[in-house]
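Residue numbers start from 1 in every chain, and the chains themselves are labelled A, B, ... in the order their sequence lines are given, proteins ahead of strands.
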Amino acid sequence: MSDHPGTIEIRLPSQLRFLGVVDALVQSFSAEFGLGADEINNVSTATIEAASNAVEHANKFSENKQVLLRLRGRGNVVEVEIEDEGEGFDPRPYERELGTEDLLKLRGRGIFIMRSFMDNVSFSRLSSGGMRVHLRKVGKTTAGESDTQDAVRGN
Amino acid sequence: MSDHPGTIEIRLPSQLRFLGVVDALVQSFSAEFGLGADEINNVSTATIEAASNAVEHANKFSENKQVLLRLRGRGNVVEVEIEDEGEGFDPRPYERELGTEDLLKLRGRGIFIMRSFMDNVSFSRLSSGGMRVHLRKVGKTTAGESDTQDAVRGN
Amino acid sequence: MTIRQREIGDVVVLDIDGKIMGGVDSELFQETIQSLIDSGKRKVVVNLENVKWINSTGLGVLIAGYSALQKSGGRLKLLQVSERVEGLLNITKLSTIFESYQGEDEAVESFV
Amino acid sequence: MTIRQREIGDVVVLDIDGKIMGGVDSELFQETIQSLIDSGKRKVVVNLENVKWINSTGLGVLIAGYSALQKSGGRLKLLQVSERVEGLLNITKLSTIFESYQGEDEAVESFV
Ligand SMILES: Nc1ncnc2c1ncn2[C@@H]1O[C@H](COP(=O)(O)OP(=O)(O)O)[C@@H](O)[C@H]1O
Ligand SMILES: Nc1ncnc2c1ncn2[C@@H]1O[C@H](COP(=O)(O)OP(=O)(O)O)[C@@H](O)[C@H]1O
């Protein structure tokens, strides 16, 4: 949990079966930058939502298309970018709270969940036409701080 | 645990701190292809050894160099390739068993561990000059087979 | 995701294992619920003890089951929801429709 | 990796947390062992309960500690080795030099 920044890039096939790998990856990456357990779960859940959308709505499960994840950590800030090879979309209609009329709907919660669980969510269009979702989380839990008071720390 | 093949590519900075992320990644990927707990640990340990070497001996912790991991799964076979940006080396001197005279040495066990824990290990030189380590494991544990006899399975 | 089915009196417990995330999971879950309804079972407990995570499409899978049972006069309740899944149910306000229990006995008895 | 130090009689228990993998970990561990030797402590139990994994460089870290203690008439023993780490100790035959215990009492009493 040093202060060195670091970026990891992952390319995944457009298959939902790899969302478990995304979860493991984001969890361990976020832990490395000192986020607490709840924060880690939230970053991972938001990333899974964005990656699900990239696989399903953008790449439409195509064997020829990939999802790119970029994980960036610095200090106690974790950022995730999810890029797809779809045709892009206008996210503005989905920038809203869910009402009681939405309660029993089967779909339409993904972007809302991202916004709820992250400090910052933004969408941009890639020059290739696809979307980039940018997620940002600042760790508030000073994880393991009291924990290390009388312990010495290496890597 | 379907039979669809899948390849994941990851680019990592040359820092040992990300070996934990490598572990999480390889573990969840291998589990997806039905390897058993011991097999998963072994693939992950071998990958960590190869990645450690890439970071330390090849890339020499350089900020400008990366390690590429390629994870490939098909059926119950998991393959991992680890590519570095170093100057390459001749692995033949290290294709040997460890003797009792090696027992208390502080280093020199990495390649031996890879060979011990994988079904197949091979080294090749990239045209860029760096090395590619290729690791292969065939899952023998028919994980969860009895487990699913009276359960129905989705994703 | 795998589903294992148990009966305790007239209550059916579905033990789910893995992740719940739409696609194949969705069909499987809906078929399971439909066949319960067809055979006259109306009291269903979905045990999430071994579910690591659910995504938003997976929430839809649970809602579809909930609504199908509701329509035929039945009920779907949740058992052993993890903190992670609970966070998702809270933020989406689905915690206001899903009754959820930590103990199996409690969940089963709640139908009486 | 973090190291926490406890004493039980004249035995020092080092509770390690995290991964052991050379680099900074190596210096930290060696300094810890050296300062124990300097202050006359010779009986050391390394508790690996909270160590997820060790790589080959991390094995070297343990060996360095073992050898340093050995040279000054002391002993380094392992506690609560996981299956994963045990696999590594077996394959490298290091299990023939590291005494290892599952119970802390057992480990501490083994020095008498
Ligand atoms: N990466 C994407 N590419 C194209 N369209 C997208 C993408 N992400 C989301 N969408 C569109 O936005 C809608 C809302 O997404 P979301 O809130 O995640 O709910 P859901 O995926 O359940 O529909 C989707 O139905 C889809 O039409
Ligand atoms: N990717 C690599 N690039 C350059 N040299 C390497 C690489 N991997 C291994 N080596 C060389 O092979 C030697 C043996 O490696 P290994 O068995 O892993 O033990 P150790 O890393 O402890 O020395 C290393 O010391 C190094 O000189």
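Most heavy-atom pairs under 4.5 Å with chain A, from the set Ala64(C), Gly60(C), Ser67(C): that is Gly60(C). The most heavy-atom pairs under 4.5 Å with chain A, out of Gly87(C), Gly18(C), Ser56(C), come from Ser56(C). Interface check for chain A: of the options Glu83(C), Arg84(C), Lys93(C), Lys52(C), the most heavy-atom pairs under 4.5 Å are formed by Arg84(C). Of the residues considered (Asp23(A), Leu104(A), Thr45(A), Leu98(A)), Asp23(A) shows the highest number of contacts with chain C, using heavy-atom pairs under 4.5 Å.
Residues Val138(A) and Glu39(A) share a closest heavy-atom pair of O-OE2, 4.1 Å.
With respect to Lys137(A), the side chain to side chain contact (heavy atoms under 4.5 Å, CB included) criterion is satisfied by exactly one of Asn76(A), Leu35(A), Asn120(A): Leu35(A).
Of the two parts of Leu103(A), the backbone and the side chain both hold a non-hydrogen atom closer than 4.5 Å to a non-hydrogen atom of chain C. For chain A, the nearby part of Leu59(C) is the side chain; its heavy atoms alone come within less than 4.5 Å. If you measure heavy-atom distances from Ile97(C) to chain A, the contacts under 4.5 Å come from the side chain alone. Phe61(A) does not touch chain C: none of its heavy atoms, backbone or side chain, sits under 4.5 Å away. In this structure, chain C has a heavy atom under 4.5 Å from the side chain of Arg107(A), while its backbone stays farther away. Proximity to chain C (any heavy atom under 4.5 Å) is shown, for Thr100(A), by neither the backbone nor the side chain. Both the backbone and the side chain of Thr92(C) come within less than 4.5 Å of a heavy atom of chain A.
Taking the six-membered ring where the residue is Trp, Phe98(C) and Tyr66(C) present perpendicular rings, their angle passing 60° and hence far from 30°.
Using a 4.0 Å cut-off between charged nitrogen and carboxylate oxygen, Lys140(A) and Asp38(A) do not count as a salt-bridge pair. Ion pairing between Asp17(C) and Arg4(C) fails under the 4.0 Å rule for side-chain N and carboxylate O.
Atom CD of Gln34(C) sits in a crowded spot, with more than 12 heavy atoms from other residues, nucleotides or ligands closer than 6.0 Å.
Lys77(C) forms no cation-pi arrangement with Tyr101(C), by the criterion of a distance under 6.0 Å to the ring centre and an angle within 45° of the ring axis.
For the pair Ser62(A) (side chain) and Asn64(A) (backbone), a donor-acceptor distance under 3.5 Å is present.
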